[in-house]
Each structure stands twice: as structure tokens, then as C-alpha cells.
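Within every chain, numbering begins at 1; the chains are lettered A, B, ... in the order of the sequence lines, protein sequences first and strands thereafter.
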Amino acid sequence: MTETPETDAARYDFRTIEDRWLPVWEERQPFRSGKEGDSRPTKYVLDMFPYPSGDLHMGHAEAYALGDVIARHWVQKGFNVLHPIGWDSFGLPAENAAIKRGVDPAGWTEDNIAQQLSSMKRYACSFDWDRVLMTHRPDYYHWNQWIFTRLFERGLAYRKPSQVNWCPFDQTVLANEQVVDGRCERCDTLVTKKKLTQWYFKVTDYADELLDDLETLRGAWPDKVLAMQRNWIGRSRGADVEFAIEGRDEPIAIYTTRPDTLHGATFMVVAADSDLAAELAEGADDATRAEFAAYVESVKTASDIDRLATDRPKTGVFLQRYGINPVNGERLPIWASDYVLADYGHGAIMAVPAHDQRDLDFARAMDLPVRVVLDCRDDAGEPLADPAESGVATTGDGVLINSGSLDGLAKAEAIAAITAELDAAGSGHASVNYRLRDWLISRQRYWGTPIPIIHCDACGEVPVPDDQLPVTLPPAEGLDLKPKGQSPLAAATDWVTTTCPRCGGAALRDTDTMDTFVDSSWYFLRYLSVGKTDGPFDVEEAKRWAPVDQYVGGVTHAILHLLYARFFTKALRDMGMIDFGEPFSALLNQGMVLMDGSAMSKSRGNLVRLSEQLDEYGVDAVRLTMAFAGPPEDDIDWADVSPAGSAKFLARAWRLARDVDSAPGTDPATGDVALRAVTHRTLHEAQELIESFRFNVVVARTMELVNATRKAIDSGAGAADPAVREAAEAVAILLSLFAPYCAEDMWSMLGHEDVALATYPAVDESLLVEETVTCIVQVMGKVRDRLEVPPGIGQDELRELALATEGARRAIGDSAIRTVIVKAPRLVNVVTA
RNA sequence: GCCCCCGUAGCCCAACUGGCAGAGGCAGCCGACUUAAAAUCGGCACAGCGCGGGUUCGAACCCCGCCGGGGGCACCA
């Protein structure tokens with residue numbers, strides 16, 4: 001071991017630098033955004049807020065690194081940037097931790113928040129620390145309750161009994177969105193069905209708008225997310241058709257997207273678990289009733305397990321009842337089956353086995369007739385095989401046959417014709433259906449927002465008056481939080497027992513809590529007025545800042561959270577509280593951080609701890625690695641990237657600032673032109689690259705600039721050249737987006753303060769024009785020569801120069817020239833005969 | 001089954017949206033400095049763009065068809 005010749009101060013050491021600047025930033029708070037009299041134009045950059053389960057992990061590190069690049073860039077571009085953070089702090093993990101360790105969920109949550117907050121500060125996130133919110137605090141969920149009440153008043157929050165998704169492990173209901181592959185999103189338990197009366201938000205009222213407004217986000221949101229939202233809403237157009245039922249006064253309505261195939265209906269199917277099926281079975285004989293009852297029982301217990309299996313054989317029960325086809329008076333047997341869903345359309349269908357695969361499968365299983373009413377052809381114009389024989393339904397467009405007045409028509413015409421016919425006859429009409437269901441928000445859990453409703457025997461559901469909000473959670477102490485099918489709040493007798501706000505009589509509080517997605521559906525508005533006590537947010541502040549200009553977060557929320565936030569935004573708009581209908585004008589989805597090809601997990605043994613990476617390579621190197629790894633949407637495999645390489649680069653950049661040997665404020669105009677050109681080209685390009693999220697390329701360009709500057713110092717203009725200072729300052733400013741500590745230290749060595757607030761340097765356009773450009777000379781598309789030409793060269797002049805080149809002449813030889821393509825100043829292509 | 005996205009050096013990734021396949025980095029190799037090493041500085045090599053057709057003067061880029069990988073939805077009538 002020998003002494004290093006350099007002193008500490010002359011050597012890049014991330015630990016020293018982090019220790020130096022963290023307290024300074026803590027003191028200066030450069031990212032406070034609510035200052036009085038700030039006339040800069042506004043930008044709202046939002047990172048999805050974290051759930052406080054443990055410390056920050058690599059995924060957070062990526063998300064916040066990328067969000068920070070955007071926020072910091074807009075600050076340097078002269079915007080008043082709002083970049084807040086908070087915690088999505090209600091939810092099952094806190095409750096489960098509480099059950100497991102016997103601690104208070106509130107304490108557990110607050111501890112984790114404190115730890116994450118401190119990690120965020122170390123990570124140099126450019127958050128405005130004056131605007132922090134936490135959804136588990138009464139001053140936040142107060143306004144969940146207030147908004148709930150407004151939705152209730154408008155009929156957008158309502159209670160209904162229905163078959164709900166039930167997680168037997170967590171002992172709570174789940175939204176459709178929280179059921180993944182038939183399993184509970186949280187605990188992976190198979191989900192079953194249960195009939196319960198629950199609270200819903202009427203998202204379906206906005207189905208059309210939620211779908212149509214996606215158009216306005218095209219280009220600003222990832223196509224993938226738009227497609228997923230479109231899919232989820234699942235609008236389908238078709239017709240409702242009424243079938244008279246023998247022995248029943250009322251007809252049954254069915255929904256179909258193919259009313260043109262009405263003549264091909266050979267039976268009807270109702271959802272086995274629907275009220276309609278039960279009612280129809282009631283009118284059948286004893287044997288049928290018994291068979292039906294047994295079938296329904298088997299469907300209920302096994303449905304979600306079996307639904308996972310594809311190509312499951314069709315099952316069902318003939319109800320011994322008949323419907324009448326309105327177009328031809330035929331008697332159609334009515335079956336009950338689980339392949340028809342109770343909560344889509346009318347829970348009943350007409351079955352056209354020839355032209356619907358599911359109906360055909362059922363028909364073949366039950367030996368029901370198949371009637372072809374479409375003449376379908378393959379690409380060669382040959383008729384397709386008879387579905388009854390082949391087992392393959394012909395679901396294409398085809399031409400109608402065996403269909404009375406529709407014969408000879410194509411699909412679209414036939415649909416129009418039959419819809420008009422049904423309409424005239426009063427037995428049907430065009431109709432629209434959605435895959436989207438209303439949002440079930442009731443949860444039988446403790447750690448959430450109490451639903452602000454009082455149940456009164458005399459008055460029914462009575463909302464808690466605004467002046468009695470918030471309805472705060474009773475202390476967890478003494479309550480058994482273990483899942484038991486009923487909310488733990490029900491056991492808080494003193495809390496539950498109350499009086500009716502309307503009649504003053506004895507009444508009970510609703511004991512369910514809200515889905516935590518309610519919390520995150522409007523939090524972006526609460527940031528604008530975190531301390532406000534007389535409303536959820538200030539309308540004027542919303543006008544000033546919202547909607548969010550740039551939202552950054554994981555694609556895991558592509559459906560749930562974004563759809564709900566969009567719904568809330570539209571509802572709040574209709575209440576007159578905001579004047580826009582879409583919450584997030586632009587969306588960036590970062591990828592995941594993997595290790596060795598798969599998601600990190602302790603059990604898999606491939607967990608990379610953020611804190612350890614930060615200790616080993618420093619905050620800056622980790623952040624830079626996140627940005628440099630590739631396009632932000634791509635997953636990063638931590639095994640493929642090199643935080644050590646990033647650290648090395650940062651040291652190299654840092655040494656530029658150390659080596660600069662000219663005074664601050666030196667006019668760069670007299671500096672080395674070649675280096676200046678590189679600097680200005682980099683600054684010019686970087687802006688566009690950042691604004692199109694190509695951060696990896698920005699870093700690469702910055703590396704080039706560092707290399708060019710190093711070269712200028714060592715073997716060119718020298719450390720005292722003004723261009724070297726200009727370049728080093730540009731490096732510091734660009735690097736501040738990715739590596740704030742290193743950049744701040746460089747900036748300080750260069751004689752300045754607060755690199756985060758430094759103005760993005762003006763690009764000197766004159767330095768961007770190149771003296772000469774290389775023109776490639778092709779013959780028949782192959783490169784044969786090159787020319788150095790002025791960028792403004794004319795087409796004709798360039799053609800002549802190119803034709804005269806040695807390479808071109810040799811390649812052309814004796815051939816006649818047919819055409820010469822000239823794209824001045826970069827290319828000439830000679831086409832020979 | 002349906003719908004999206006992606007295949008460029010050993011690896012991560014660029015390519016002015018149709019014009020010289022290579023910017024940057026990792027790993028590798030060589031050299032300078034060093035007694036030696038680390039650090040640093042300088043240099044080098046490596047793919048013909050998943051495959052096959054088509055359009056074009058010209059295709060990594062556009063079109064068609066395959067192959068491979070990833071993701072979403074999935075009995076929604």
C-alpha cells in the first residue's frame with residue numbers, strides 16, 4: 001500500500017460529495033413550488049406515490065430516477081415545476097403486518113413512511129417537501145368521504161346485492177380488477193363467489209366517455225395502455241331482442257352482436273347463477289328443479305377454479321321451458337349454463353351454434369340442432385365445412401341464407417335490416433354493451449377509509465353530514481383485525497352505534513371501508529392544497545396546476561388506477577370542481593428492474609437491495625445507471641448493466657470541472673470552436689431527447705461531450721481555454737438531471753451555486769451549422785466514393801461533383817446513366833441502365 | 001383463441017423516421033504511465049440488422065408471410 005498522490009479534495013469520492021450536499025439542499029429546498037409571486041409558467045410532474053411497505057426498493061429507484069430527469073429538466077427550462085410525493089398508506093399489507101406481529105397498523109405505516117422519506121432525500125429526489133400527503137391520515141380520507149357523499153347524492157355511489165368476488169383467505173370482497181387469473185391479486189388464493197350487498201361506484205355511467213376520450217390521449221400515453229383500457233371497457237354494439245316465453249307473461253331480452261343470424265337460433269341459454277334461471281326453473285317439473293338446483297350448486301363452488309381451464313366441456317340443464325323466436329315463431333328450448341354470464345347483457349342469449357363456437361360446443365354436447373344461415377367462404381372462395389360436421393363454427397361475415405327477408409344480404413346490411421325490422425315489430429332494438437362493470441368499493445377490512453353512511457331503520461342509508469366528517473377510524477387497539485368475513489369495525493360497538501342524522505333515532509354506522517384505489521383516484525388534486533381544511537382541494541389551484549402534465553409510473557396500474565382516476569376526474573368535472581376531463585395529459589410507464597431475467601424476490605434469491613447498491617456505488621451512479629440502461633419503458637436487468645461503469649464515468653466528468661483553469665464568467669466566444677460545436681450540438685439535441693424520454697441517448701451524448709472535453713484539455717486547446725469551461729458547465733447542467741450530487745459538486749468547483757436551478761444554456765445556432773458535410777456517392781445503391789461539400793451545395797453542382805469522382809466513374813464504367821438521385825448535401829445515387 | 005409490443009456486435013443499446021449499419025457503455029484485447037498493480041490516458045477488434053418474399057434508385061426502417069421472445073384480455077354472446 002502506498003499513499004495516493006492526490007489529496008481527497010482532488011479525487012472523486014461519492015461519499016464525501018453526498019455528505020457535502022445533502023444538508024445544503026435540505027436547507028435550501030430548491031424544489032419548493034408554491035412560492036408567492038412566482039410568474040414562471042407551470043408544469044405538473046407526478047410520480048405514482050409509493051405504498052409504504054418497507055424501505056424503497058430498486059423499482060422505486062428506477063421510477064424516481066426517471067421522474068426526476070423530467071422534473072429537473074423543466075426547472076432548468078424555466079418552469080415552475082410542481083413535483084410532489086406522498087404515500088398510498090391505507091391497505092392490506094399494513095393490516096396483515098399488524099395481524100402477524102401484533103402491532104398497530106398506524107404505527108407500522110408511519111415508521112415505514114419515515115424510512116422511505118429519508119431514503120428519498122438521500123436519493124436526491126426533487127420533491128417539494130412542503131406538499132407531502134398520506135392517505136391514512138384523517139385530513140386526507142376526510143375528503144374521500146366528502147367525495148363519496150357527493151357521488152352518493154348524484155346516484156354515482158349506490159348499494160346493491162350481487163354475486164361478488166370473494167377472497168376466502170383475506171375474507172374480503174374484491175373488485176373485478178383485483179382478481180388475476182381467478183386468484184386474489186394480494187394473496188393468490190382462488191377467488192369464489194358470494195352474494196353480498198355492497199357499495200359500488202357507477203363507473204359504467206361514464207363508459208362511453210372513458211372509451212372515447214382515450215382518443216385524446218393518443219401519442220401522449222403508451223399505445224399499450226390505451227389498448228388495455230379500451231379492452232377493459234370492451235364496448236360492443238349489437239341488438240337487444242325479445243323472446244316471448246311460454247308460460248311467462250314477460251318476454252326475455254337477450255343481447256347479441258349478430259342479430260343477422262337470428263334465423264339460425266336453435267335454442268336459448270340463461271346464466272345458471274342468474275335470478276332469471278332460478279325463476280324459469282321454478283316453473284318446471286320436480287326432476288328438472290332438482291337437477292337445476294344441483295347444477296347451480298356445482299357451478300357456485302367450482303366456477304372460478306374451472307374457469308381457469310380453457311376448453312372446458314360445456315355443461316347445462318334443460319329447463320323444460322321454451323322461448324319463441326320473434327322472426328319465425330320457432331319454439332326454442334331454454335337451457336341454463338355457466339358459459340353465459342349473469343352480469344353481462346341480460347344474462348341470457350340466443351344460441352346460434354352454426355356461427356358461434358361456444359354455442360356450437362354446447363349444441364354438440366347436448367345434441368341440439370345446428371342450422372347454417374351464413375354462406376361463409378375461405379380465401380379461395382370455397383364454401384367452409386358444415387359446422388355440424390366439422391365442429392368449427394363459421395364466425396366470419398358471409399352472406400345470409402335460410403333467413404327469409406335477409407337472404408342474399410351481407411352482414412352489415414343484414415344487421416341494419418333485421419334491427420329495423422325488430423324495431424318496427426317492437427321486439428328489439430340496437431343496443432350497446434360493455435365489459436366494464438361498476439366498481440365495487442366495499443372492503444371488509446380495518447385499514448381504510450370508513451364509508452360515511454349511517455343505516456337507519458326508518459330513513460335507510462343516510463350519509464354522514466359534511467360537518468360531521470371525517471368519520472375517523474376507531475383505534476385498532478382491542479379490535480380483532482383477523483379476517484372473518486365481517487369488517488373488524490363491526491366489533492367497535494361504541495363506534496358503530498350512533499344516531500340517525502335525519503331522524504335522530506338509533507342507527508348504525510356502515511362498517512366497511514373503501515377500496516384503497518379510491519384514495520389514489522384523486523390524490524393528484526390534493527397535492528395542490530395539502531393543508532386545506534374546508535374542501536378536498538382549492539378550485540383555483542386546480543385551475544393553475546392541473547391536469548398533470550407528466551405522469552410517471554409502472555405499467556401495473558395501466559388499468560385499475562388509471563381508469564378510476566379518469567372516472568373521478570370526469571365525475572369531479574361534472575360537479576363543477578375542475579374544468580378538465582382527463583387527469584394525466586401524458587404518461588410514461590417505466591419498466592421493471594429485474595435480476596438475472598426475472599422479477600426480484602427474496603424467495604427466488606435474486607433480490608438486489610437498493611441500500612446496498614447505494615452504499616457501494618453511490619446515489620448518482622445508481623440513478624445514472626437507471627437512466628442509461630435503455631429506453632425507460634424497457635425492463636432493466638440489473639445483471640446486464642454496470643453501476644461501476646456509471647461511477648467511473650461520473651469520476652471522469654467530475655475531473656473536468658476540477659481541471660478547468662479559467663475564471664467563472666469567462667466569455668466562451670473566443671474558445672476552441674470545435675469543442676464549442678460539440679457542446680452546443682449536445683445541448684441542442686439533449687432537449688429534444690429528454691422531452692421524448694430518450695434518456696439513455698442523452699447520457700450517451702453527455703459521455704461524448706465529456707470525452708471531447710477531456711481530449712481538448714489533454715491534447716487540444718488546454719484547460720484554460722474558455723470552451724473547456726463552457727463544456728464543463730454544460731456537462732454539469734446535463735448531469736444534474738441524472739447525478740445531482742456529482743453535478744452540484746462540479747458546479748461548485750466551477751464557481752457557481754445550485755445547479756438544479758441553473759438556467760439551461762442558450763444554444764448558439766451558428767455553432768450547429770457544419771462547415772462541410774460528407775456526401776456519400778452511390779452507384780446502384782452501393783457506396784463508391786465520398787465528398788466533402790458545403791452544406792448549402794446545390795443539387796446540380798453536387799451531381800456533377802459526384803459523377804466526376806473516381807469511385808463513381810469506375811463503378812459506372814461503360815454503362816449508360818439512367819437517373820441520378822440527388823439528395824443534397826448528403827447523398828447522390830447513380831442509377832445505370 | 002383474440003389484441004398489443006419487441007428481435008441490430010459476447011452483453012445493454014444508438015441510427016437524423018427510407019440514404020455510409022455504430023453514437024455511448026459493459027465485458028475483451030493491445031499500448032503508455034508504474035519496480036509491479038490499481039487508477040488514469042490512448043488505441044483495437046467484433047455484427048450485416050431473427051428468417052423468406054415484396055415495394056423502391058436505395059430497406060434495420062414500409063408491406064406480406066413465417067420463426068423466436070415478452071405482455072394484456074380471455075366462455076363478454
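Checking B:G10 for Watson-Crick or G-U wobble geometry (two distances, each under 3.5 Å) identifies B:C26 as its partner. Pairing partner, B:A15: none, since no Watson-Crick or wobble contact has both distances short of 3.5 Å. Nucleotide B:U35 forms a pair with no other nucleotide shown, judged by Watson-Crick or G-U wobble geometry with both contacts under 3.5 Å. Summarising the base pairing, B:C51 is matched to B:G65 through a Watson-Crick or G-U wobble pair whose two defining distances lie under 3.5 Å. Of all nucleotides present, only B:G1 satisfies the Watson-Crick or G-U wobble test against B:C73, with each distance under 3.5 Å.
B:U8 and B:G25 have their C1' atoms separated by 16 Å, given to the nearest Å. A gap of 14 Å separates the P atoms of B:G50 and B:A14, to the nearest Å. Taking atom C1' in both B:G1 and B:G19, one finds a spacing of 43 Å when rounded to whole Å. To the nearest whole angstrom, the two P atoms, one in B:A9 and one in B:C5, are 22 Å apart. Here, B:G71 and B:G24 have their C1' atoms 29 Å apart, quoted to the whole Å. Taking the C1' atom of each, B:U56 and B:C73 are spaced 39 Å apart, rounded to whole Å. Distance noted for atom C1' between B:A77 and B:G52: 40 Å (whole Å). Straight-line distance between the C1' atoms of B:G48 and B:A59: roughly 13 Å, to the nearest whole Å.
Residues A:N325 and A:L262 share a closest heavy-atom pair of ND2-O, 3.0 Å. Residues A:L66 and A:A627 share a closest heavy-atom pair of CD2-CA, 4.1 Å.
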Quiz item: How would nucleotides 41-46 of chain B be written as a contact map, 5' to 3', with B for base contact, S for sugar-phosphate-only contact and - for no contact, using protein heavy atoms under 4.0 Å?
Solution: SSS---

Quiz item: What does nucleotides 8-17 of chain B look like as a protein-contact string, B for base, S for sugar-phosphate only, - for none, at under 4.0 angstrom between heavy atoms?
Solution: ---SSSSS--

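One interatomic measurement links the two molecules: CD1 of A:I252 to C1' of B:A77, which rounds to 15 Å at whole-angstrom precision. One can place CZ of A:R230 at 14 Å from C1' of B:C2, the figure rounded to the nearest angstrom. As rounded to whole Å, 8 Å separates atom C1' of B:G71 from atom CE of A:M228. When the P atom of B:G24 is taken as reference, atom CG of A:L734 falls 17 Å away, rounded to whole Å. Regarding A:F695, its CZ atom lies at a distance of 18 Å from the C1' atom of B:G25, rounded to whole Å. Atom CD in A:E685 sits roughly 13 Å away from atom P in B:A23 (whole-Å rounding). A:D13 has its CG atom 14 Å from the C1' atom of B:A39, to the nearest Å. Rounding to whole angstrom units, CD1 of residue A:I559 and P of B:G71 are separated by 15 Å.
Residue A:S236 is in sugar-phosphate contact alone, with no base atom involved, counting any heavy-atom pair closer than 4.0 Å across all strands shown. If you check every strand for non-hydrogen atoms under 4.0 Å, A:Q778 touches a base. A:K224 comes within contact range of the sugar-phosphate backbone alone, with a heavy-atom separation under 4.0 Å but no base atom that close. Contact annotation for A:T774: base contact, defined as any heavy-atom pair under 4.0 Å involving a base atom.
Glycosidic conformation at B:U55 (O4'-C1'-N9-C4 for purines, O4'-C1'-N1-C2 for pyrimidines): anti, more than 90° from 0. In this entry the base of B:G25 is anti relative to its sugar, with a glycosidic angle more than 90° from 0.
The stretch residues 252-268 of chain A participates, sequence neighbours left out, in these salt bridge (Lys or Arg N to Asp or Glu O under 4.0 Å) pairs: A:R258-A:D260.
Distance from the side chain of A:D356 is smallest for B:A77 among the nucleotides B:A77, B:A23, B:C73.
Side-chain atoms of A:D338 never come within 3.5 Å of backbone atoms of A:A272 as a donor-acceptor pair (strictly under, hydrogens ignored). Panel note: side chain A:D359, backbone A:V352; a donor-acceptor pair is recorded below 3.5 Å. A donor-acceptor pair under 3.5 Å is absent between the side-chain atoms of A:D240 and the main chain of A:G428, judged by distance alone.
Mapping A:M703 and A:G347 onto RNA chain B by nearest heavy atom places A:M703 closer to the 5' end of the strand. Positionally, the nearest nucleotide of RNA chain B for A:V831 lies more toward the 5' end than for the other of A:M350 and A:V831.
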Exercise. In sequence, state the C-alpha distance, the side-chain angles, and the governing distance for A:E685 and A:R681, and then conclude on salt bridge (charged side-chain N to carboxylate O under 4.0 Å, His left out).
Key: CA-CA 6 Å; A:E685 273 183 55; A:R681 209 171 306 135; 5.9 Å; no

Exercise. Please lay out, stage by stage, how A:F267 and A:F362 fare under the test ring pair (Phe, Tyr, Trp, His ring centres under 6.0 Å).
Key: CA-CA 10 Å; A:F267 57 99; A:F362 192 83; 5.6 Å; yes

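Look at A:D796 and A:R799 and you find a salt bridge, because one of the NZ, NE, NH1 or NH2 atoms lies within 4.0 Å of a carboxylate O, short of that distance.
Side-chain atoms of A:Y339 and A:D361 include no donor-acceptor pair closer than 3.5 Å. Side-chain contact, A:T204 with A:Y434: no donor N or O sits under 3.5 Å from an acceptor N or O.
Contact annotation: A:K648 side-chain N/O to B:C26 OP1/OP2 distance is under 4.0 Å. At least one side-chain nitrogen or oxygen of A:Y344 sits closer than 4.0 Å to the OP1 or OP2 atom of B:A77.
With contacts defined as side-chain heavy-atom distances shorter than 4.5 Å, the pair A:E62/A:I636 qualifies.
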